[in-house]
Trainee: 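Quick one: the structure is below, and I'll ask about it shortly.
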Number of protein chains: 2
Amino acid sequence: MAGMSGLMVLDLLREGPGYGYGLRQRICQQSHHALQWQDGTLYPVLRRLEDQGLVTSVWANPPAGRRRRYYRLTPRGQRTWSAQRQQWLRFSGAVNAVLASRS
Amino acid sequence: MAGMSGLMVLDLLREGPGYGYGLRQRICQQSHHALQWQDGTLYPVLRRLEDQGLVTSVWANPPAGRRRRYYRLTPRGQRTWSAQRQQWLRFSGAVNAVLASRS
DNA sequence: AGTGGATACATAGTAGTGCCATGTATGATG
DNA sequence: CATCATACATGGCACTACTATGTATCCACT
């Protein structure tokens, strides 16, 4: 059941490349502020995903503005996303089934 | 987001006292075999819950049959169950909201 | 010019959880 | 009497979430 942060990050990256700070904000927004990660929370996750070959990253050096490290989903990340998503749906469904057994 | 096993055990114990082996089977059944814990998985959970004062346990020495350790919910366990349940609903809802943002 | 706040990335360390392997013992069934 | 299901227990590993901490840059305002 582990790796929820990873799954959500993979999911966000399906839309296209993204960088740490932005991903964190999008998760906060899309969860309607139910998930409020600290600043430092996300980077270990991204590091882990890259170590596992699920994402790749490149530095972006824009002419103006802060430099950012953009992460992109790999084909393997795609497959992992699909598997973990299904796993999450099954797991959360199972938990809800247990909880629902007692109204 | 941690403590899912604990929450489910607390939930089962709301119906009344229960013992390890039986709880494990009920979780397996009520989750429609999606959650299949190993034999040894549950006892550390029960131990932890007891350390935290959420359950109490007594040995049952029946005239016939195996002896069992029955666990019972404490008032504090009640409150914790309520809080963790709500937390789970919020969390799983938030995750689903994030995942649903990309169909 | 300078102060503060938001942006942006990074690492180290800790505590907690889930899970497996392993061990022990008893009751039931054939 | 052998085998299987029942039943409890412990130790340990691996992994994850989270926090604290650090560094640096950009922007807005005064």
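Because the structure is a prediction, the values reported are computed rather than measured. First the proteins, then the strands, lettered A, B, ... as listed; each starts at 1.
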Trainee: Write down the distance between CH2 (Trp37(A)) and C1' (dA20(D)), rounded to a whole number of angstrom.
Mentor: 19 Å
Trainee: Of Arg67(A) and Gly6(A), whose closest DNA chain D nucleotide lies nearer the 5' terminus?
Mentor: Gly6(A)
Trainee: Rounded to whole angstrom units, what separation is found between the CZ atom of Arg48(B) and the C1' atom of dA9(D)?
Mentor: 16 Å
Trainee: Determine whether Leu49(A) and Leu13(A) make a side-chain contact, defined as any pair of heavy atoms from C-beta on separated by less than 4.5 Å.
Mentor: no
Trainee: Run the side chain to side chain donor-acceptor pair (under 3.5 Å) test on Arg102(A) and Gln30(B) for me, step by step, so that the C-alpha distance in whole Å, both residues' side-chain angles and the decisive distance to 0.1 Å come before the verdict.
Mentor: CA-CA 10 Å; Arg102(A) 272 153 303 285; Gln30(B) 293 179 10; 3.2 Å; yes
Trainee: Mind jotting down which residue pairs meet the salt bridge (Lys or Arg N to Asp or Glu O under 4.0 Å) criterion with at least one end in residues 82-94 of chain B? Sequence neighbours excluded, please.
Mentor: none
Trainee: Would you mind reading off the distance between Phe91(B) atom CZ and dA17(D) atom P, rounded to a whole angstrom?
Mentor: 8 Å
Trainee: With a 4.0 Å heavy-atom cut-off, tell me which residues in residues 38-47 of chain B come close to DNA chain D, sorted by residue number.
Mentor: Asp39(B), Gly40(B), Tyr43(B), Pro44(B), Arg47(B)
Trainee: Closer than 3.5 angstrom, by distance alone: can the side chain of Ser101(B) be matched with the main-chain N or O of Ala97(B) as a donor-acceptor pair?
Mentor: yes
Trainee: Is the closest side-chain heavy-atom distance between Leu73(A) and Leu54(A) below 4.5 Å?
Mentor: no
Trainee: Could you work out, with side-chain contact (heavy atoms from CB on, under 4.5 Å) as the rule, every residue matching Ser92(A), not counting sequence neighbours?
Mentor: Trp88(A), Trp88(B)
Trainee: Would you list the pairs meeting ring pair (Phe, Tyr, Trp, His ring centres under 6.0 Å) in which at least one residue belongs to residues 31-50 of chain B, sequence neighbours left out?
Mentor: none
Trainee: What's the CZ-C1' distance between Arg66(A) and dA28(D), to the nearest Å?
Mentor: 16 Å
Trainee: Could you list the residues that satisfy side-chain hydrogen bond (donor to acceptor under 3.5 Å, both in side chains) with Arg66(B), not counting sequence neighbours?
Mentor: none
Trainee: Hey, can you pull the residues of residues 8-27 of chain A with a non-hydrogen atom under 4.0 angstrom from DNA chain C?
Mentor: Tyr19(A), Gly20(A), Tyr21(A), Gln25(A)
Trainee: Considering only heavy atoms, which members of residues 69-76 of chain B lie under 4.0 Å from some atom of DNA chain D?
Mentor: Arg69(B), Tyr71(B)
Trainee: For Glu15(B), check side-chain hydrogen bond (donor to acceptor under 3.5 Å, both in side chains) against everything at least two apart and list the hits.
Mentor: Arg26(B)
Trainee: At what angle, to 10 degrees, do the two end axes of the helix from dA1(C)-dT30(D) to dG30(C)-dC1(D) meet, given five pairs define each axis?
Mentor: 30°
Trainee: Please report the distance, rounded to the nearest Å, between CD in Gln36(A) and C1' in dC18(D).
Mentor: 14 Å
Trainee: Give me the atom names and distance for the closest heavy-atom approach of Leu10(B) to Gly77(B).
Mentor: CD1-O, 4.2 Å
Trainee: Kindly indicate whether the side chain of Met4(A), heavy atoms from C-beta on, has any atom under 4.5 Å from the side chain of Val95(B).
Mentor: yes
Trainee: May I have all residue pairs that pass ring pair (Phe, Tyr, Trp, His ring centres under 6.0 Å) and include part of residues 53-81 of chain A, sequence neighbours excluded?
Mentor: Tyr19(A)-Tyr70(A)
Trainee: Whole-Å distance between dT16(D) C1' and Leu54(A) CG?
Mentor: 15 Å
Trainee: Rounded to whole Å, how long is the line connecting atom CD of Gln87(A) with atom P of dT16(D)?
Mentor: 12 Å
Trainee: With Thr56(A), which residues qualify under side-chain contact (heavy atoms from CB on, under 4.5 Å), at least two apart?
Mentor: Arg72(A), Thr74(A)
Trainee: Provide, to the nearest angstrom, the distance between the CG atom belonging to Leu7(A) and the C1' atom belonging to dA17(D).
Mentor: 15 Å
Trainee: With sequence neighbours left out, which residue pairs that include part of residues 36-50 of chain B fulfil the salt bridge (Lys or Arg N to Asp or Glu O under 4.0 Å) condition?
Mentor: Arg24(B)-Asp39(B)
